[in-house]
Amino acid sequence: MAVIWRGNTQDRLYQDTISSGGGNSHKHKDKYKDKEHKHKDHKKDRERDKSKYGNSDHKEFSEKKHREKERIKHEDVSTDRHKDKHKEKDHRKDEIKPKKEKENGFASPHRIKTEPDNDHFYHSPKSLKRQRDNDETEFKPKKIKIENDRVDKKTKKRKQDEDIKPKKTQKNKKGEVADGKKKAKKEPEEKWKWWEEERATDGSKWRFLEHKGPVMAAPYEPLPSKVRFFYDGKQMKLGPEAEEVATFFAKMLDHEYTTKDAFRKNFFKDWRKEMTSEEKSKITDLKKCNFNEMGEYFKAQSEARKAMTKDDKLKIKVENERLLQEYGFCIMDNHKERIANFRIEPPGLFRGRGDHPKMGMLKRRIRPEDIIINCSKDSKHPKPPPGTKWKELRHDNKVTWLVSWTENIQGSIKYIMLNPSSRIKGEKDWQKYETARNLKKCVDRLRNQYREDWKSKEMRIRQRAVALYFIDKLALRAGNEKEEGESADTVGCCSLRVEHINLYPEKDGQEFVVEFDFLGKDSIRYYNKVPVEKRVFKNLQLFMENKQPEDDLFDRLNTSILNKHLQELMDGLTAKVFRTYNASITLQQQLKELTSPDENLPAKILSYNRANRAVAILCNHQRAPPKTFEKSMQNLQTKIDAKKDQLSDAKRDVKICGCDWLKKAVERLEEQLMKLEVQATDREENKQIALGTSKLNYLDPRISVAWCKKWGIPIEKIYNKTQREKFAWAIDMAEDDYEF
DNA sequence: GCTCGAACTTAGAAGGGGTGGG
DNA sequence: CCCACCCCTTCTAAGTTCGAGC
């Protein structure tokens, strides 16, 4: 799937989205060309850079150099500070006052106007204007109310599973839940409103947990003997172990992965480990392996599956449903809760994202002996498959997982946990948005603070402050450091390197422009040109002085330092809270801005999607265009071209004859053409931007619920079933006047 | 302070199934 | 009714955070 190089489209994209301009078709074509081009160039650069700089000796060396530099820098810094001094002084007085008020709550934000102006300051990428929020006073009571509810309402601890009945849900008695072997189909009579209950305060995540354990991966079924494998043109029968791994590769034959060197190399190495010594001695070159019959066989199988009768399909569906009912739920504290991923991950070839050094490695089959089960001591313990044992049976109620195992590629632990609709996930989610709302209350103070810190005489403070500014303004991720060679080379804010930014004192008529170009999570490219304040710009120049491209931009900073600092500024504050906060506040503002009262329902929904899209752009949520995308765009393009021809013909005819009905026809054609072009633009936008991620993870659902209530929009238009389940708490509790 | 690993959230791809327009 | 397309679900990789141990 490759690194996704969708460069440079953002500006235009954004424009199209927000200003709702219709696109034109040439644009699209050019864009594609552009992308291709970029891709290659960039990659080349990367490779060159790697060979040039990529070793640790060098790193150490430049590290020393930095230390050396440090002294000098400090001198610079202080002179720098002097220079700025007068200018700042007057400001500073103003700024200090509010800070004081802070201590017992929050400063009155309105009075202080420290930022020069919004356009320079908190404007987000692509001119997305995020206004400063200046209306916080009122929620405080509300917030408190929530807290109070939770704390006061129920005084008794939920100690025994037995005596707590969900407040609102009489039907949902313990007896039914615990003994009754789940009537599969029956609707849970009334939904349990966990959000009206008290939360545990002792750090325990549950008091009772019972489940059936995981569903193991299906055992390997050897290929029918008619399906042959050839090595060097000669048929060869593989033993079951080697054959299984071969099928993993055969199933991916159509995938780009199998053309990549790293993938092939890793695969072959691990495959050979599964071979008998005889096989190993024969099979020495992957290029001589012919998996085609195997590949064809699997293709045929999947065709056959598609071609099955309705009846047979139904049977499969029923069987899946049965599995779901049996293994897909657990009982946690009196309630039957859905499990998210109750199947053990089947063996296969590792598919890392981007330029992952381990792609193609064999992800081994997980056996019961690898699996740790977590459940209540006094629950009915899940049974391992006959003749096997679990690795461990554990009763740890300080964690939320039911099952875990260690994966062999990175050596990390995998978990089976509950569905987002569960109490345990929902509470956490709710809490996340409350923390973000707390940030809203003090964000002005924090912003003033880091602006002050840009002037600090300590390098680490300055770096921290500039990094925080990026995290706040651009919604960058924190950016932990990663071990080289273990995964794709991606970065976040704290791990930015000098090579990831360019500074332009002046660009496109704007001053102090920073150009970002790096691969973020999942190797998604982040590309953005942002005008910053002069002081930030100067600081960046300082940070980059005497560094190599591959040196850390913030060499005095990491996520742990940053988060420690944030924690001191506000309880529960970490870097990622800024993303949540900025995403949610942006949605709220965009909704306010874009929704017009007299518009009809589809238009309102369009506005909602546009607001959502603004957030997705802010957070850089992209996806690769589907395989069929180019083709379907071409089809559309053909239609557009045809329409254009028709139109020009019609126009010519009008000139000749000028009769009324011909003029009408021209109008009609023009309209149709416009529609098609808008459709093309829309599709284009939606292919590159993933709205789902922000909707699911960043946008306080109560904002959307309130918006729906306010405008009489059915919630189903905004949230599908899964989403409604996840956000049940918000749907139930938010009123039309909810403010984030 | 720093490193490591456990636990949990966030992420896009893939695939299947539903649906709506021709 | 068929099929393209789009939406939803599933899957699991890739992040962040935090705390233990040194």
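A, B, ... follow the sequence lines: proteins, then strands. Residue 1 opens every chain.
Two rings, from Phe470(A) and Phe516(A), have their centers less than 6.0 Å apart.
One finds a side-chain N or O of Lys414(A) lying less than 4.0 angstrom from the OP1 or OP2 phosphate oxygen of dA13(C). The side chain of Thr400(A) places no N or O atom within less than 4.0 Å of a non-bridging phosphate oxygen (OP1 or OP2) of dA7(B). OP1 or OP2 of dA11(B) has at least one side-chain nitrogen or oxygen of Tyr698(A) nearer than 4.0 Å. Between His255(A) and dA13(B) there is no side-chain N or O to OP1 or OP2 distance below 4.0 Å. Residue Lys425(A) places at least one side-chain N or O under 4.0 Å from the OP1 or OP2 atom of dT9(B). At dG12(B), none of the side-chain N or O atoms of Gln622(A) fall inside 4.0 Å of OP1 or OP2 (strictly under the cut-off). Between Lys363(A) and dA13(C) there is a side-chain N or O to OP1 or OP2 distance below 4.0 Å. In terms of phosphate contacts, Arg579(A) brings a side-chain nitrogen or oxygen within less than 4.0 Å of OP1 or OP2 of dA11(B).
Heavy-atom neighbours of Asp571(A) CG from other residues, nucleotides or ligands within 6.0 Å: at or below the threshold of 12. Atom NZ of Lys721(A) is surrounded by 12 or fewer heavy atoms from other residues, nucleotides or ligands within 6.0 Å.
The side chain of Ala690(A) approaches dG12(B) more closely than any other nucleotide in the set dG12(B), dT12(C), dT10(B). Minimum atom distance to the side chain of Val399(A) is reached by dC8(B), of the listed dT9(B), dG12(B), dC8(B). In this structure, the nucleotide among dG12(B), dA7(B), dT9(C) sitting nearest to the side chain of Asn720(A) is dT9(C). Comparing dG16(B), dA14(B), dC8(B) by their nearest atom to the side chain of Arg351(A) picks out dA14(B). The side chain of Met417(A) lies closest to dA7(B) when the candidates are dA7(B), dA13(C), dA11(B). Comparing dC11(C), dG12(B), dA11(B) against the side chain of Arg343(A) picks out dC11(C) as the nearest.
Taking atom CG of residue Asn697(A) and atom P of nucleotide dT10(B), one finds them 5 Å apart after rounding to whole Å. Separating the NZ atom of Lys251(A) from the P atom of dA14(B) is a distance of 16 Å, rounded to the nearest angstrom. Atom CD1 in Ile344(A) sits roughly 13 Å away from atom C1' in dC11(C) (whole-Å rounding). Summarising the geometry, the separation between CG on Asn408(A) and P on dT12(C) is reported as 13 Å, rounded to the nearest angstrom. Between His356(A) atom NE2 and dA14(C) atom C1' the separation is 9 Å, expressed in whole Å. Here dA6(B) presents its C1' atom at 17 Å from CD1 of Ile416(A), a figure rounded to the nearest Å. Counting to the nearest Å, the P atom of dT9(B) and the CH2 atom of Trp401(A) are 15 Å from each other. Following rounding to the nearest Å, Lys721(A) (NZ) and dT9(C) (C1') show an atom-to-atom distance of 10 Å.
In summary, the side chains of Gln622(A) and Arg525(A) do not present any donor paired with an acceptor at a separation below 3.5 Å, with no hydrogens or angles considered. For Arg579(A) and Tyr698(A), the side-chain atoms include at least one donor-acceptor pair closer than 3.5 Å.
Under the rule for a ring-ring contact (aromatic ring centres under 6.0 Å, His included), the partners of Phe249(A) that lie at least two apart in sequence or sit in another chain are Phe267(A), Phe291(A). Annotation: ring-ring contact (aromatic ring centres under 6.0 Å, His included) contacts of Tyr297(A) (sequence neighbours excluded): none.
At the heavy-atom level, Pro420(A) lies nowhere under 4.0 Å from the strands shown. Nucleic acid contact for Lys428(A): sugar-phosphate only, since backbone atoms but no base atoms lie under 4.0 Å from a heavy atom of the residue. Among the atoms of the strands shown, base atoms are found under 4.0 Å from some heavy atom of Tyr415(A). At the heavy-atom level, Glu407(A) lies nowhere under 4.0 Å from the strands shown. Among the atoms of the strands shown, none is found under 4.0 Å from any heavy atom of Ser560(A). Looking at heavy-atom distances under 4.0 Å, Lys358(A) makes no contact with the nucleic acid at all.
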Reading nucleotides 15-22 of chain C from 5' to 3' and marking B where a protein heavy atom lies under 4.0 Å of the base, S where only the sugar-phosphate is that close, and - otherwise, the string is SBBS----

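In this structure, Tyr526(A) and Phe518(A) have parallel ring planes: the angle between them is below the 30° cut-off, well short of the 60° mark. The aromatic rings of Trp430(A) and Trp194(A) are tilted relative to each other, their planes meeting at an angle between 30° and 60°.
Nearest-nucleotide positions on DNA chain C for Phe350(A) and Gln723(A) put Gln723(A) closer to the 5' end. For the pair Lys205(A) and Ser302(A), both in contact range of DNA chain B, the more 5′-proximal nearest nucleotide belongs to Lys205(A). Heavy-atom distances to DNA chain B give each of Lys564(A) and Cys619(A) a nearest nucleotide, and the one nearer the 5′ end belongs to Lys564(A).
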Asp552(A)/Arg497(A) under salt bridge (charged side-chain N to carboxylate O under 4.0 Å, His left out): CA gap, chis, key distance, verdict:
CA-CA 4 Å; Asp552(A) 286 339; Arg497(A) 299 190 296 261; 5.9 Å; no

